[in-house]
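In what follows, a structure is listed as structure tokens, so that the remarks can point back to it.
The sequence lines fix the lettering, A, B, ..., with proteins before strands; numbering per chain opens at 1.
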Amino acid sequence: MYVSMNWLKDYVNIDINTNEFADKMTMSGSMVEKVDKLGENIKNVVVGKIENIVQHPNADKLVICKINVGDNNLQIVTGANNISEGDYIPVALHGAILPGGLKIKKGKLRGEVSEGMLCSADELGIPKAMVPEKVKDGIWILNKEYPLGVDFTEALNLKDEVIEFEITSNRPDCLSVLGMAREVGATLNKTVKYPNIEVKEIKEKTADNISVEIEDKEGCIRYVARVVKNVNITDSPEWMQQRLIRAGVRPINNIVDITNYVMLEYGQPLHAFDLSFIDGNKIIVKNAEEGEIFKTLDGVERKLKPSMTVIADESKSVAVAGVMGGEESEVTKDTKNILIESANFNSNKVRLTSKQLSLRTEASSRYEKGVDPNIAAIAANRACQLIQELGAGDIFEGTVDVYPEKVDPREVSIRPNKINDLLGTSITNEEMVDIFRKLEIQAKDLNETLQLTVPTYRMDLIMEADFAEEVGRIFGYDKIEPTMAKGNIAVGGKPQKQIIEDTVKNILNGMSFNETLTYSFVSPKTMDNINLPEDSIKRNTIKLLNPLGDETSVMRTSLLPNILEVASRNANRKVEEFRAFEIGQIFIPKVEGNKELPSEIPSLVMAMYGKEDFFTLKGVVETLLNSLGINEYEFIVEKNHPSYHPGRCANIIVNDKVLGTIGELHPVVMENYDLDQRCYCAEIDFGVLSQITNMERVYNPLPKYPAITRDFAVVVKDTILVKEIEDIIKAKGGDILESFKLFDVYQGDQIEEGCKSIAYTIIYRDKERTLTDDEVNVAHNRILNEISEKLDGVLRD
Amino acid sequence: MEQRLKALEEKAIAEIKKADSTTDLEKARVHYLGKKGELTEILRGMGSLSKEERPIVGKVANIVRANIENALEESKTSIKDKELHRKLKAETIDVTMPGKEVKVGKRHPLTQAMDDLKNIFISMGFKVVEGPEVETVYYNFDALNAPKNHPSRDMSDTFYINENTVLRTQTSPMQVRVMEDEKPPIRIVSLGRCFRNDTPDATHSPMFHQIEGLVVDKGITMGDLKGTLEVFAKNFFGPDTKIKFRPHNFPFTEPSAEVDATCFKCGGEGCSVCKGNGWIEVLGAGMVHPNVLRNCGIDPEVYSGFAFGMGIDRLTMQKYGIDDIRLLFENDMRFIDQF
């Protein structure tokens, strides 16, 4: 909210500089977002009048003006095109300084003497929002005749500071200059001087001219009406216009401006009706008719619903309560008599109405947040006082005030010791009472408790905790001593899953994989991109009701598309070597429709391209599994995974269950992701992985007895898998088999077509003694025989 | 015979001195001292000497052998040195040539920030907990005392799965889940992904990261909140960091505060990171609202607590001078390699 310091100072004494003021207000809870210093750094700019304008002899786009600045006339050349003879304008004289440091000097423009400059608001450093609409662009043409030659900033009362406060949603009472004055008073310990309201009334009585009936008691808490006759619609005075402009409100005419001025001053929205359009001199607050069409004063026809409250007369609606008045009853130049409405409407109903009509106004946003019903009459009177004082009309005697259930200040009892306990302070009862006095909350000290009377505008103060905040912020949050929580011993730590996650990340980082983070939501098209069949279970996704777009409309069921998109982007950007992984959740709907939350399954995906092959990635996976203490796993041929090359894909099996899949990307998928290099990926169920991880390590004594090594090479059909040979080695090696290693696979010269030669080194060892050649031969031959028998292998010498 | 021995000695020593390699030296040794060497040859003639001459010549012969052996030994050392020198010279490489690349992978900068945060809070006795990204409206809003008509519940702010289910907009729901499951003392942090209906641009992302902290016990005060956050700030931003509590309003805490820290770039002088004012807004915090405690079955008359929440993405960006949040989720390897 924008607040003019000059205006604020009408109600409260501020005797510190603006920076200090801003700091103090921020620290008491009204955060200062910005300070606009108006009229600052302007020197030697005066009010002038354009006496005549002639075309510049040497330049089409320039004119020469004779400017009256009081005691003399100046010749000024300008390119401005919005000026006319007789206009009052700001003139920067020779030697003038403008904000931003620009100095104005006499000179010649295309041969013609120019003794100064005509100024726009922008050149005077006045934000566009703070000047009247019609002079936003071009020279600032003043709306009335000011004394010529006087200092411009003084003539327009321009020197001001506009503070932008951030008002939190619990403090709608601060959305007014008086509300902020109260905060200033509490912060600086100053008393607020409220306006002295005295209305000079004429004999005629309001009650004889209007009656008010509230039918919709839920929608309307209070309705105050006053009647003004013989209104004289003109512009409002410059000081009022300036205050409105500085608060971000556009001046319109004196009556509308006064209603807005009082709204800004008190926070109470007001509306003025042209009384001649109120049939039967009766105001009825009621529910709208179903399908009722009503034209609001912005000229738009709106369809109303019975859930909305309207202001009606005997025959028709004249306003949507708390949102906007009707076009027909709008105050115009011809208006003679008006009705001033100062009402209190149900915040929830106003919010819903405004939402349903997509119509948000200054009034509706205030009602939504909450307006104190007890200011309605005060504000109506204040408006009438201003109307009368500005000669804008005659005020009828009295108000019509329908207020069926008066809201009284709340009585609340709080315990000072509880408040100190919560804040960690030792503020005395006397100090607390004084803090409440600053906040205009009456406090009676009953020793164990304080008995508080809370003004009705403080709708946010209900529980003890709310009062603790009031005490804390006025006492000063900065004065609360920092301490460390006492009490029970707390042992910190991470869940096992995160510990394993850290380990996995360390291992993968060590093998030069970068970690990536991608969105949890994806496009449903990603299912096509990874080549999933129409009936794939992964197409059963959690869908967002309101996604940003198709691209982010379903929760991912696989991390593969995410990492492939990253791979694709990197390949596109000519990153030559790519190794990356992501650990994140995938989202699987529960069978029972959408009622339950989905299963969130942590997953690991890895991808690489560049100087890579399948076995490099397989080695990475094996290293990872071994490092996690998982030593029993198998890679089983998988020919049917739609995302992978059918001849280069395996499932990773642990305890007879699929832990994950590894493979070279299917060419179709590569094409979908615009990858022109082979890409290798592995997907692992991280939930299962962390369950089977075994971080316990067992020490095995180093061998004391020597090993015996035997090599063999065998020729088998090339359809035989290495795994089949290894299964035999494991099965037949016996207790003395320590380890084995494939060291050669060969096809070509000397090997029959359709066959391959496979060579292994096998290491035998007994932990307890030195093996003999004979013992080893027995085991080794068992293996060789089995290979020749079962696999039709032919041993090579 | 004595003369022959002397002559042999001279010749042998001269040859040894000339030797340039261990091979030459070995040749010389074999030639003079070997089984078929010259010295042996001469000594074989000893038999023809008289009884008197034999011991004298024998003595001379021993001296000659010893001298030759000494000369061999001496040369051996110096030749080894020379040879080593030659070898080292020959093996000299251009050490300014580039090293072979051994790449180490990096964690995502957001993970690194989250790791730092976890470690700081674990050291203060906090347990790290995890919660679901798809969350119920109850946990995300209702139980956290968010008013029914709070704008953050709007479809324009929050992603909905259905009317009761959302993508969590904050890590705060974990507060409630933990308080429902565990009795005080509670001391937890929860970190993770959050979602808000924001179209991505340089400063907005529909997915971002938060850390949420919660402490509930008997006698927890706002002073404790200040102390905890001060320790955190000094650990995370640097030992000279100061923090400032500004009153604010959140539905799930009362009293509430926004917390600023002195800028970690300029230390409070004012710079581009803190937009000149020396402070950066880092988090929201406050004392757990009695309604929230009550919603979780904890009696606010007995227990009190504090909670705090902080966005991680913006801080990470400020720390490294990253000017576009989208870079965090593009995962360009050249970006991640830098951290």
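- For Asp421(A), the part lying near chain B is the backbone, with the side chain staying farther off; criterion is any non-hydrogen pair under 4.5 Å.
- Only the side chain of Arg187(B) comes within less than 4.5 Å of a heavy atom of chain A; its backbone N, CA, C and O stay farther away.
- Heavy-atom distances place the side chain of Phe521(A), and not its backbone, under 4.5 Å from chain B.
- Without hydrogens or angle criteria, Lys226(B) side chain to Tyr477(A) main chain gives a donor-acceptor distance under 3.5 Å.
- With hydrogens and angles disregarded, no donor-acceptor distance shorter than 3.5 Å links the side chain of Lys106(B) to the backbone of Ser512(A).
- The contact between Tyr519(A) and chain B is made by backbone and side chain atoms together, counting heavy-atom distances below 4.5 Å.
- Proximity to chain B is limited to the side chain of Arg351(A), based on heavy atoms less than 4.5 angstrom apart.
- Gln498(A) places no side-chain N or O within donor-acceptor distance of the main-chain N or O of Val128(B), the cut-off being under 3.5 Å.
- Looking at Glu600(A), the atoms closer than 4.5 Å to chain B (heavy atoms on both sides) all sit in the side chain, from C-beta outward.
- Asn348(A) places no side-chain N or O within 3.5 Å of a backbone atom of Asn149(B) that could act as its donor or acceptor partner.
- If you measure heavy-atom distances from Pro206(B) to chain A, the contacts under 4.5 Å come from both the backbone and the side chain.
- Using a 4.5 Å cut-off between heavy atoms, Val491(A) touches chain B through its backbone atoms (N, CA, C, O) alone.
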